Amino acid sequence: MVVPTVYAWAGGAPALRRLTEVFYARVRQDEVLEPVFRRMGPHHQEHVADWLGEVFGGPPVYTREHGGYPAMLSHHLGLRITEAQRARWAAMVAASADEAGLPSDPEFRSAFVAYVEWGTRLAMANSAEGASPPPAAPVPRWGWGEAPPYLP
Ligand code: HEM
């Protein structure tokens, strides 16, 4: 049996759209994150959903329509994300996954939070003063890691 992508397991694009809708509604109410995202554009949450979809093995929509890795990187350069902001982002997206009805099985959540830990730490490092990350690279593709779903 073929193991599905994390993207398909999550519920595909509609599930990730629900996730970022819930997440950014919370961000707007959050004293730590609201100032960071005050000037986000009207399509920010859809673009982040498209990024996540591509990372988790879905179609390369972010690369095709929003500029791929170089664009994603450029949005974080110079933001000077603090550890408090990063940690809040990570905790809030995990909590939003519950409210958005993403799968709650151990395998999915393990893969999901592993990417979120990795991605938020990278975003923070790239956003630091004087950071010089590679300007071009492929979009990461995140799989199941050590614990894929058991499909007999
Ligand atoms: C896994 C972690 C993360 C992912 C997947 C992610 C994803 C993205 C993407 C795809 C964009 C560009 C949206 C577009 O094309 O319009 C973006 C922009 C942005 N991100 Fe992140 N991000 C992450 C972590 C963070 C963290 C931890 C912060 C701050 C606490 C942050 C703050 C921002 C801000 C403020 C923008 C908009 C900047 C602008 O308007 O140019 N991000 N993010």
Side-chain angles (χ1 to χ4, degrees), residues 5-104 107-145 147:
T5 60
V6 178
Y7 168 82
W9 192 273
L16 295 172
R17 291 278 161 119
R18 285 200 311 278
L19 172 70
T20 58
E21 199 180 318
V22 168
F23 175 69
Y24 286 103
R26 289 183 178 212
V27 161
R28 286 189 200 93
Q29 306 295 321
D30 186 73
E31 56 180 18
V32 175
L33 291 180
E34 190 278 331
V36 181
F37 288 93
R38 195 167 289 166
R39 282 184 296 279
M40 72 182 149
H43 301 295
H44 178 98
Q45 67 192 50
E46 287 95 341
H47 294 186
V48 175
D50 290 344
W51 170 271
L52 292 172
E54 185 166 340
V55 166
F56 286 128
V61 176
Y62 196 88
T63 295
R64 218 169 41 220
E65 297 177 14
H66 311 310
Y69 168 93
M72 148 71 158
L73 175 68
S74 73
H75 284 288
H76 294 99
L77 288 177
L79 283 183
R80 299 179 196 201
I81 297 169
T82 65
E83 170 55 21
Q85 291 164 347
R86 184 207 70 78
R88 184 69 71 109
W89 200 106
M92 198 173 277
V93 84
S96 303
D98 291 333
E99 192 183 330
L102 264 58
S104 59
E107 292 77 16
F108 174 73
R109 290 306 175 97
S110 167
F112 182 72
V113 300
Y115 171 68
V116 165
E117 268 307 296
W118 184 82
T120 54
R121 284 170 194 277
L122 205 54
M124 184 172 76
N126 292 343
S127 77
E129 196 180 350
S132 52
V139 172
R141 289 293 194 153
W142 209 263
W144 292 103

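Note that ligands are numbered from 1 as they come in the structure, with each ligand's atoms numbered from 1 the same way. Note that this is a predicted model, so its numbers are computed, not measured.
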Find all atoms of ligand 1 within a distance of less than 4.0 Å from any non-hydrogen atom belonging to [X], and give their numbers and elements.
| X | value |
| --- | --- |
| His47 | 13 (C), 14 (C), 15 (O), 16 (O) |
| Leu79 | 32 (C), 33 (C), 34 (C), 35 (C) |
| Ile81 | 26 (C), 28 (C), 29 (C), 30 (C), 31 (C) |
| Gly119 | 1 (C), 2 (C) |

Protein contact to [atom] [nearest heavy atom, distance to 0.1 Å]:
| atom | answer |
| --- | --- |
| atom 15 (O) of ligand 1 | Tyr62 OH, 2.5 Å |
| atom 32 (C) of ligand 1 | Phe37 CZ, 3.2 Å |
| atom 18 (C) of ligand 1 | His44 CE1, 3.3 Å |

Quick one: ring-ring contact (aromatic ring centres under 6.0 Å, His included) partners of Tyr24, sequence neighbours excluded?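 Listed in chain order: Phe37, His44.
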
Test ring-ring contact (aromatic ring centres under 6.0 Å, His included) applied to Phe23 - qualifying residues, sequence neighbours left out: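 Trp89.
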
Regarding Glu21 and Arg18, does a basic nitrogen lie under 4.0 Å from an acidic carboxylate oxygen?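 The answer is no: the pair does not qualify as a salt bridge.
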
Parallel under 30°, tilted from 30 to 60°, perpendicular over 60°: which one fits the rings of Trp142 and Trp118?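 Ring orientation, 0 to 90° scale: tilted.
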
Listing residue and atom name, which protein N/O/S atoms are closer to atom 21 (Fe) of ligand 1 than 2.8 Å?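 Listed by chain and number, the nearby protein N, O or S atoms are His76 NE2.
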
Let me check something: any side-chain donor-acceptor pairs from residues 70-78 under 3.5 Å, sequence neighbours excluded? List them with distances.
residue, atom, partner, partner atom, Å
Ser74, OG, Ala71, O, 2.7
His76, ND1, Met72, O, 3.0

His66 side, atom NE2; His47 side, atom NE2 - distance, nearest 0.5 Å: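 So the NE2 of His66 and the NE2 of His47 are separated by 4.0 Å.
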
Do Ser110 and Glu107 come close enough that some side-chain heavy atom pair is under 4.5 Å?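 A side-chain contact is absent here, since even the closest heavy-atom pair is not under 4.5 Å.
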
Identified ring-ring contact (aromatic ring centres under 6.0 Å, His included) partner of Tyr115 from the options Phe56, Trp144, Phe108: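 Going through Phe56, Trp144, Phe108 one by one, the ring-ring contact (aromatic ring centres under 6.0 Å, His included) with Tyr115 is satisfied by Phe56 alone.
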
Evaluate the side-chain contact (heavy atoms from CB on, under 4.5 Å) criterion for residues Tyr7 and Leu16: first the C-alpha distance (whole Å), next the side-chain angles of each, then the deciding distance (0.1 Å), finally the verdict. CA-CA 9 Å; Tyr7 168 82; Leu16 295 172; 3.8 Å; yes

